[in-house]
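One structure below.
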Amino acid sequence: MNARTEPDPAGADAVARPPLVRELLLVTGLFLVYKLGRQLAAGHTGEAFRDAHRVWDLERAVRLPGEGTVQSLLLHGDTVAHLANLYYATVHFPATAAFLVWLYLRRPAHYVWARRVLAAVTAAALVLHLAFPLAPPRMLAATGLVDTGRVYGPSVYGPPATDTLSNQFAAMPSLHFGWALMVGVGLIAATRARWRWLWLLHPLVTLLVIVGTANHYWLDAVAATALLGLALAVVHRPRRTLTTAGRAQRKPVPARAQDMTLAGAGR
């Protein structure tokens, strides 16, 4: 018996990874542009508070649930509020970076797709930040909400007048939620496990955290969802390859069986 197996010729369809150095430079450049763009959108204090009143009034007009309903769940104990602040401060960038690294290593075609979608969403968000500066609900007295980061810690923001590291008037759209939603959608698209839909817990928890900590309005998440939907419609998802479909579908072809088939065909 000949135990040799021949490789499945369909393996040629697997997508090669983009050059690592180029991707590191590209992602770093996109991050620097994102930070610079947020700084350019800073400084519109009066306009940001006027827009905040408009957003708050619009949410009440369309009868969205009050952000205070979510925050009241966090204020039952100091520990819960502290954990929510910690999630807001530490999960956003590391989770997105880990998502991109895993796709790069395991699903190269989906990595390129996800990177393009995230870049498109971020660029569109920066345009909105420039055109529509918005003070978060924690700054708006009319909301009656608590700045949980300042009260319970940890806080990623300093006083707006002296905070030179971030633009606190870039609330809409919420990139915290937009990126988290893309992580969930991307992992669902790139995997085939039955439990893959549980990845949607990440954007769900993120939504509750950004609203409960009074860093964002409901409509900030709605705007981020709309931008992501447009980006997903424009940037087409890759077709399934052996890498994305999983190796379980590949079946080794016995070399002896192939030889017998070829011999029979030659008669």
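Keep in mind that the numbers below use all heavy atoms, side chains included, and drop hydrogens, waters and symmetry copies. One is the number of the first residue; the rest follow in order along the sequence.
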### Query
Do Leu198 and Leu181 share a hydrophobic cluster, counting only Ile, Leu, Val, Met, Phe, Trp and Tyr and linking them when any side-chain heavy atoms are less than 4.5 Å apart?
yes
| query | In terms of heavy-atom contacts, does CZ of Arg63 have more than 12 from other residues, nucleotides or ligands at under 6.0 Å? | reply | no
In short, Ala231 meets Val117 closest at the heavy-atom pair CB-CG1, 4.0 Å
Is it true that a side-chain atom of His216 and a backbone atom of Ala171 form a donor plus acceptor pair closer than 3.5 Å?
yes
Rounded to the nearest 0.5 Å, the CG atom of Leu207 sits from the CG atom of Asp220 at a distance of 10.5 Å
- Task: Ignoring hydrogens and angles, tell me if any N or O in the side chain of Gln71 forms a donor-acceptor pair with the backbone of Val146 under 3.5 Å.
- Result: yes
Correct closest heavy-atom pair for Pro173 and Ala125 would be CG-CB, 3.6 Å
Nearest heavy-atom approach of Ala233 to His236 is O-CE1, 3.7 Å
CG of Leu200 to CD1 of Ile188, rounded to nearest 0.5 Å, is 3.5 Å
Please say yes or no: joined through hydrophobic side-chain contacts below 4.5 Å, possibly via intermediate residues, are Leu118 and Leu24 part of one cluster? yes
**Asked** When you measure from the side chain of Arg17 to the backbone N and O of Leu105, does any donor-acceptor pair fall under 3.5 Å?
**Response** yes
| field | Check against side-chain contact (heavy atoms from CB on, under 4.5 Å), Arg115 and Leu103 | value | CA-CA 10 Å; Arg115 188 245 293 152; Leu103 286 182; over 6 Å; no
- Message: Could you tell me if the side chain of Val91 sits less than 4.5 Å from the side chain of Thr206, heavy atoms only?
- Response: no
#### Entry: Donor-acceptor contact present, side-chain Gln168 to main-chain Pro136, <3.5 Å
no
Would you kindly confirm whether Val80 and Leu145 end up in one hydrophobic cluster when ILVMFWY residues are joined by side chain heavy atoms under 4.5 Å apart? no
Nearest heavy-atom approach of Ala190 to Arg107 is O-NE, 2.8 Å
Distance col, row Thr213:OG1 vs Asp147:CG, nearest 0.5 angstrom, shows 8.5 Å
**Item:** Under 3.5 Å: donor-acceptor pair, side chain of Thr28, backbone of Leu25
**Value:** no
Checklist entry - Would a 4.5 Å heavy-atom cut-off, applied to side chains only, mark Pro154 and His82 as touching? => result yes
Test item: Val55 and Met172 side chains (from C-beta on) under 4.5 Å apart, heavy atoms
yes
Decide yes or no on side-chain contact (heavy atoms from CB on, under 4.5 Å) for Val222 and Leu64, but give the supporting numbers first.
-> CA-CA 11 Å; Val222 172; Leu64 286 178; 5.7 Å; no
**Item:** Heavy-atom donor-acceptor pair, Thr191 side chain to Arg196 backbone, under 3.5 Å
**Value:** no
**Message:** Has Thr122 got a side-chain atom pairing as donor or acceptor with Ala119's backbone, closer than 3.5 angstrom?
**Reply:** no
key: Minimum side-chain heavy-atom gap Leu140-His53 below 4.5 Å   = yes
Heavy-atom check, side chain of Trp102 versus side chain of Leu187, under 4.5 Å: yes
Worksheet entry | side-chain contact (heavy atoms from CB on, under 4.5 Å) between Tyr217 and Leu58, worked out | CA-CA 11 Å; Tyr217 306 89; Leu58 177 59; over 6 Å; no
#### Entry: His129 side chain near Phe169 side chain, heavy-atom distance below 4.5 Å
no
Does a sphere of radius 6.0 Å around CH2 in Trp56 hold more than 12 heavy atoms from other residues, nucleotides or ligands, not counting ones at 6.0 Å or beyond? yes
Q.
Can you confirm whether Leu130 sits close enough to Leu126 that some side-chain heavy atom of one is under 4.5 Å from a side-chain heavy atom of the other?
A. no
CH2 (Trp179) and OG1 (Thr96) are apart, to the nearest 0.5 Å, by 6.0 Å
In short, Leu100 meets Tyr111 closest at the heavy-atom pair O-CD1, 3.4 Å
Between His176 (side chain only) and Tyr88 (backbone N and O only), is there a donor and an acceptor less than 3.5 Å apart? yes
The ring-ring contact (aromatic ring centres under 6.0 Å, His included) partners of Trp113 (sequence neighbours excluded) come to His110
Linked, directly or transitively: Leu204 and Phe177 (ILVMFWY side chains, under 4.5 Å): yes
Subject >> Pairing of Arg60 and Asp57 as salt bridge, 4.0 angstrom limit >> reply: no
Per side chain to side chain contact (heavy atoms under 4.5 Å, CB included), Trp218 is matched among Ile210, Val70, Val62 by Val70
Val121 versus Leu175: any side-chain heavy-atom pair under 4.5 Å? yes
Rounded to the nearest 0.5 angstrom, the OH-CE distance for Tyr157 and Met139 is 8.5 Å
Heavy-atom nearest pair, Ala52 first then Ala135, reads CB-O, 3.6 Å
**OP:** Check whether any side-chain N or O of Glu47 sits under 3.5 Å from a backbone N or O of Pro133 as a donor-acceptor pair, and report yes or no.
**Re:** no
Is the number of heavy atoms from other residues, nucleotides or ligands within 6.0 Å of CZ (Arg116) greater than 12? no
Item to complete: Check step by step if side-chain contact (heavy atoms from CB on, under 4.5 Å) holds for Leu208 and Leu73.
Response: CA-CA 10 Å; Leu208 296 177; Leu73 300 175; over 6 Å; no
Got a donor-acceptor contact below 3.5 angstrom from the Asn85 side chain to the Gly153 backbone? yes
| query | Is Val151 reachable from Tyr87 through a run of hydrophobic residues whose side-chain heavy atoms are each under 4.5 Å from the next? | reply | no
CE of Met182 to OG1 of Thr225, rounded to nearest 0.5 Å, is 13.0 Å
